[in-house]
There are 2 protein chains.
Amino acid sequence: MPVDRDHVLRSAAALLTRKSTATMDEVARAAGISRATLHRHFAGRDALVRALESLGIAECEAALDAARVDEGPAADAVRRMVVAIEPAAALLAFLYTENQLFEGEEQNAGWTRIDDRISALFRRGQESGAFRIDLTPAWLTEALYGLLASGAWAVMEGRVARKDFTFMITELLLGGALRREES
Amino acid sequence: MPVDRDHVLRSAAALLTRKSTATMDEVARAAGISRATLHRHFAGRDALVRALESLGIAECEAALDAARVDEGPAADAVRRMVVAIEPAAALLAFLYTENQLFEGEEQNAGWTRIDDRISALFRRGQESGAFRIDLTPAWLTEALYGLLASGAWAVMEGRVARKDFTFMITELLLGGALRREES
DNA sequence: CCCATATGAGACATTGATGTCTCATTCGCT
DNA sequence: AGCGAATGAGACATCAATGTCTCATATGGG
């Protein structure tokens with residue numbers, strides 16, 4: 001009978017990713033609980049979003065850990081990273097746009113940590129000679145977020161097959177649209 | 001004394017891109033007019049967003065025209081396209097996320113036209129042998145939107161210099177992060 | 001089996017945004 | 001200067017979402 005906090009968060013994430021303006025009532029119904037109960041666990045909409053942010057950060061850091069982004073060739077590390085992040089992509093897409101709202105406040109330190117780790121990966125790739133140096137690590141990081149968000153939405157709306165998600169993102173991010181010269 | 005409708009729309013676009021939940025009152029103040037006047041020109045928030053959508057579509061189609069995306073090598077056409085769309089990127093970023101809300105309703109036919117034209121460009125690049133064929137035109141189009149949005153936000157928050165905007169997007173989209181083999 | 005605890009349903013006041021209206025003022029134009 | 005049209009300021013009702021509360025009910029452990 002006690003509410004499954006994790007289940008509530010995941011339902012909320014799924015709903016809010018589709019409809020970021022969903023009501024507390026809709027969120028509650030999506031999780032299969034009453035609005036009163038939702039309120040008992042999350043003081044308000046803000047607290048809910050913060051909890052989702054924490055979840056997103058935790059999943060992202062777990063994904064970076066699981067992908068062992070510090071090890072092996074940088075390109076392979078990027079591929080592992082995208083694969084590991086994929087399950088959290090929709091949540092990240094929601095938080096990515098939601099973050100635009102918190103313009104005044106300082107952003108959660110977790111994002112800074114994640115940005116730094118991803119940037120470090122791209123920098124490592126540059127220093128090893130695998131990645132070009134005229135695209136800054138900061139931009140590559142930003143672009144990764146953008147592609148994850150686009151990919152998540154495209155999958156949600158059926159414009160891209162879910163099974164192609166990681167392939168499309170890693171291939172575009174690493175290789176781009178131009179055909180490689182056959183060597 | 002008559003209100004400059006275009007100026008109002010552009011102010012609204014600039015504000016809403018930064019803070020998508022801005023109030024009608026904030027939008028009015030940002031444009032330097034009163035809420036009453038704003039209301040006289042746009043029946044409501046919905047009408048305002050629709051007007052912004054029309055503006056975005058118009059600018060996008062004008063950009064595609066100006067870039068002559070049907071002419072010349074596809075890669076060059078993509079570069080011209082990004083350059084031409086750049087001024088509208090922030091507005092597009094706003095509309096791109098806002099579109100997620102209109103889940104029920106059918107999307108404006110203008111977007112379909114634009115999607116088709118951009119997809120056709122990518123397809124043309126594939127057929128000419130310039131672009132790889134394992135990334136679908138639909139995905140490349142979607143990725144372009146995502147990169148434009150990421151780029152616009154990154155510029156707004158000072159993480160990327162405005163002058164690098166088009167370079168970063170076109171280079172990543174076309175070439176990817178991997179270093180090309182020297183041939 | 002019974003009790004403590006958590007939940008569901010719903011009432012309620014509050015808040016913030018919205019849309020409408022009025023009226024005085026200002027601006028442009030003749 | 002004078003007229004008409006558009007604006008600004010603000011009042012007002014409305015509406016939706018929120019947050020709080022109560023009470024009946026169900027669940028699960030002892």
Side-chain angles (χ1 to χ4, degrees), chain A residues 1-56 91 93-95 97-105 108, chain B residues 1-56 91 93-95 97-105 108:
Chain A
M1 158 194 208
V3 156
D4 179 351
R5 179 188 160 94
D6 193 68
H7 169 251
V8 173
L9 282 176
R10 287 180 195 287
S11 308
L15 174 60
L16 288 172
T17 301
R18 275 184 299 116
K19 186 181 176 187
S20 60
T21 59
T23 289
M24 289 294 273
D25 194 71
E26 295 174 288
V27 171
R29 212 164 312 163
I33 62 177
S34 75
R35 196 166 68 91
T37 303
L38 177 60
H39 245 280
R40 285 186 192 102
H41 288 269
F42 303 97
R45 186 194 185 72
D46 209 60
L48 177 63
V49 173
R50 297 298 181 163
L52 284 173
E53 190 177 33
S54 297
L55 177 64
L91 176 56
F94 164 66
L95 294 172
T97 60
E98 197 74 1
N99 253 7
Q100 308 302 121
L101 303 189
F102 299 162
E103 51 168 346
E105 323 159 35
N108 191 311
Chain B
M1 153 165 122
V3 156
D4 179 351
R5 178 189 161 96
D6 193 68
H7 170 252
V8 173
L9 282 177
R10 285 179 197 287
S11 308
L15 174 60
L16 288 172
T17 301
R18 276 185 298 113
K19 186 181 176 188
S20 60
T21 59
T23 290
M24 288 295 272
D25 195 71
E26 296 175 285
V27 171
R29 211 163 311 163
I33 62 176
S34 76
R35 196 167 70 91
T37 302
L38 178 60
H39 236 277
R40 284 187 192 103
H41 289 269
F42 303 98
R45 187 196 184 70
D46 209 58
L48 177 63
V49 173
R50 297 299 181 165
L52 284 172
E53 191 177 32
S54 297
L55 177 64
L91 175 56
F94 164 66
L95 294 172
T97 60
E98 197 76 0
N99 252 5
Q100 307 301 121
L101 303 189
F102 299 161
E103 51 168 348
E105 322 159 36
N108 189 312

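Numbers restart at 1 for each chain; the letters A, B, ... are given by sequence-line order, proteins then strands.
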Measure from CG on A:L38 to P on D:dT20 and round the result to the nearest Å.
13 Å
Nearest to side-chain heavy atoms of B:S34, which nucleotide of C:dT20, D:dT20, D:dG8:
D:dG8
Please determine whether any donor N or O and acceptor N or O are separated by less than 3.5 Å between the side chain of B:R40 and the base of C:dG19.
no
Establish, with yes or no, whether the OP1 or OP2 oxygen of D:dA17 is under 4.0 angstrom from a side-chain nitrogen or oxygen of A:R45.
no
Within residues 5-14 of chain B, which residues have any heavy atom lying less than 4.0 Å from an atom of DNA chain D?
none
Per atom distances to the A:T23 side chain, the nearest of C:dC21, C:dA17, D:dT18 is D:dT18
Without decimals, in angstroms, what is the distance between B:E26 CD and C:dG16 P?
13 Å
Quickly work out the A:H41 NE2 to D:dG19 P distance and round it to whole Å.
16 Å
Length of the line joining A:H39:NE2 and D:dA17:P, which is rounded to integer Å
13 Å
Quiz: residues 35-42 of chain A side-chain donor-acceptor pairs under 3.5 angstrom, not counting sequence neighbours:
from: A:T37; atom 1: OG1; to: A:S34; atom 2: OG; distance (Å): 3.1
from: A:H39; atom 1: ND1; to: A:A43; atom 2: O; distance (Å): 3.2

Answer yes or no: side-chain N or O of A:R35 and base N or O of D:dG19 forming a donor-acceptor pair under 3.5 Å.
yes
Return the minimal non-hydrogen interatomic distance between A:L48 and A:L9, and the atom names on each side.
CD1-CD2, 4.0 Å
